[in-house]
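See structure below.
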Protein chains: 2
Amino acid sequence: MPRQARISRADVLEATLAIAEERGLAAVSMRSVAARLGVTPMALYRHVRDKQDLLDGLVERLLAELPIPDAGLPWDQRLRAMAASLRATAARHPDVFLMLLHRPVMTPAARRTREAVYDALRDGGVSEELIPRVERLLSTFVIGFAASEAGGRFAMHDRRVLDDDIDAGLQAFFAAVERLATQTA
Amino acid sequence: MPRQARISRADVLEATLAIAEERGLAAVSMRSVAARLGVTPMALYRHVRDKQDLLDGLVERLLAELPIPDAGLPWDQRLRAMAASLRATAARHPDVFLMLLHRPVMTPAARRTREAVYDALRDGGVSEELIPRVERLLSTFVIGFAASEAGGRFAMHDRRVLDDDIDAGLQAFFAAVERLATQTA
DNA sequence: ACCTGAACACCGTTCAAGT
DNA sequence: ACCTGAACACCGTTCAAGT
């Protein structure tokens with residue numbers, strides 16, 4: 001007779017995120033997560049394969065919460081909004097955000113985000129053939145920027161300086177896209 | 001009477017790098033580094049403040065080994081060469097490279113690298129006022145790209161595709177710099 | 001001055017057992 | 001089916017002591 005499950009995978013990830021927010025990612029351990037759920041550490045192994053899987057689940061959760069901008073907005077405004085969302089996520093969860101670069105993320109949420117960028121670039125006039133490359137370059141810049149902020153690489157700079165940085169970067173990117181679009185057309 | 005020191009900070013960092021290369025960064029511990037040097041773990045604390053300082057030393061060592069291209073080369077070729085060096089370093093020491101984004105690096109080696117980029121941008125015609133911003137945007141893109149490769153974010157792509165990616169990215173960057181230079185002049 | 005020994009408060013994970 | 005208890009092989013770091 002199946003016992004009633006006391007904890008779910010969602011419970012485990014929620015407890016993990018709570019600990020990461022309250023005491024930092026370093027405080028996240030199988031033991032601390034279990035303690036918060038009132039369960040022994042080994043009980044977690046039914047819901048996550050190992051600690052790495054726990055951390056991957058955290059990254060996926062963050063990505064899943066990333067808002068996708070309204071498709072009615074102009075393509076460049078959509079991309080600006082996504083960049084701003086990524087930076088906000090990085091600011092809220094710096095340690096978790098940095099894990100984004102530590103291992104490949106190929107979850108539904110990651111694909112959904114990439115497709116939204118593809119759509120924007122298509123609307124911006126980028127040819128179907130070039131879209132994947134242009135997306136890789138843009139996402140590398142934006143994720144790299146957000147990760148740099150999260151890791152403190154830009155800690156000596158004012159928030160306004162960094163806002164202007166990303167604006168300048170995106171503006172140069174949009175100019176390059178427009179040139180691509182006109183020369184193809 | 002001072003005893004003869006048996007190990008130096010350089011010895012400690014070299015042993016650390018050797019372990020990281022042979023068994024991965026996860027195998028690096030105060031205890032494993034000490035064991036390789038034939039010493040107790042506590043002996044290391046004379047040469048590094050704590051484990052974080054040990055890891056910081058590793059990053060600094062890698063950055064110090066980064067070649068600075070010949071100043072006689074054209075400015076854009078110098079930047080291309082530095083990007084290639086960073087990618088090579090990331091490929092050789094993926095785990096250590098990723099730490100570059102985890103905390104601010106403000107060592108002599110980091111400053112030397114940044115100054116080399118400043119010089120190249122100046123030779124490319126970027127105004128003194130804009131140089132720091134343009135450097136931040138370029139380094140963010142290149143470090144982000146190398147980190148993405150190191151972390152496996154591009155693992156599904158062929159090496160040649162990624163070579164073309166960074167070429168396309170740098171080319172767009174150079175075009176933007178040239179427009180900046182002519183509109184200033 | 002430099003290193004050691006012992007101890008403290010932790011880790012992730014496996015395995016066999018309990019209900 | 002789901003969770004526990006005990007154990008194994010580890011961690012980083014402090015403190016007092018040895019030479």
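Both backbone and side-chain heavy atoms feed into the values below; hydrogens, waters and symmetry mates do not.
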Worksheet entry | Pairing partner (Watson-Crick or G-U wobble, both distances under 3.5 angstrom) of D:dT19 | C:dA1

Worksheet item: Which nucleotide in the list C:dC3, D:dG5, D:dG12 gets nearest to the side chain of B:Tyr45?
Response: D:dG12

Item to complete: Whole angstrom is fine here: how far is it from CZ in B:Arg49 over to C1' in D:dT13?
Response: 14 Å

Worksheet entry | C1' spacing across the pair D:dC10 / C:dC8, given as an integer number of angstrom | 15 Å

Worksheet item: Whole Å only: how far is the CG atom of B:Asp53 from the P atom of D:dG12?
Response: 14 Å

Practice prompt. Classify the angle between the aromatic ring planes of A:Phe174 and A:Trp75 as parallel (below 30°), tilted (30 to 60°) or perpendicular (above 60°).
Written response: perpendicular

Worksheet item: Separation of A:Arg6 atom CZ from D:dA1 atom P, in whole Å?
Response: 17 Å

Item to complete: State whether B:Asp119 and B:Arg78 are salt-bridged, where the test is any N-O pair (Lys NZ or Arg NE/NH1/NH2 against Asp/Glu carboxylate O) under 4.0 Å.
Response: no

Discussion item. Between A:Arg87 and A:Asp163, does any NZ, NE, NH1 or NH2 come within less than 4.0 Å of an OD or OE carboxylate oxygen?
Written reply: yes

Worksheet item: What integer distance in Å separates A:Leu55:CG from C:dC11:P?
Response: 14 Å

Practice prompt. Would you indicate, yes or no, if D:dC3 has its OP1 or OP2 atom less than 4.0 angstrom from a side-chain nitrogen or oxygen of A:Thr40?
Written response: no

Item to complete: Give the rounded distance in Å between these two atoms: CZ of A:Arg46 and C1' of D:dT4.
Response: 12 Å

Worksheet item: In whole Å, what separates the C1' atom of D:dC15 from that of C:dC3?
Response: 14 Å

Item to complete: Determine which nucleotide pairs with C:dC10, using a 3.5 Å limit on both distances of a Watson-Crick or G-U wobble pair.
Response: none

Worksheet entry | Backbone N/O of B:Ile7 and side chain of B:His47: donor-acceptor pair under 3.5 Å | yes

Worksheet entry | A:Met30 CE - D:dC11 P separation (whole Å) | 19 Å

Worksheet item: Counting side-chain heavy atoms from C-beta on, which of D:dT4, C:dC11, C:dC3 comes nearest to A:Ala43?
Response: D:dT4

Fill in: Length of the line joining B:Met42:CE and D:dC11:P, which is rounded to integer Å
12 Å

Worksheet entry | Atom-to-atom span, CZ of B:Arg31 to P of C:dA6 - whole angstrom | 13 Å

Worksheet item: Does a salt bridge link A:Asp53 with A:Arg9, judged by any charged N lying under 4.0 Å from a carboxylate O?
Response: yes

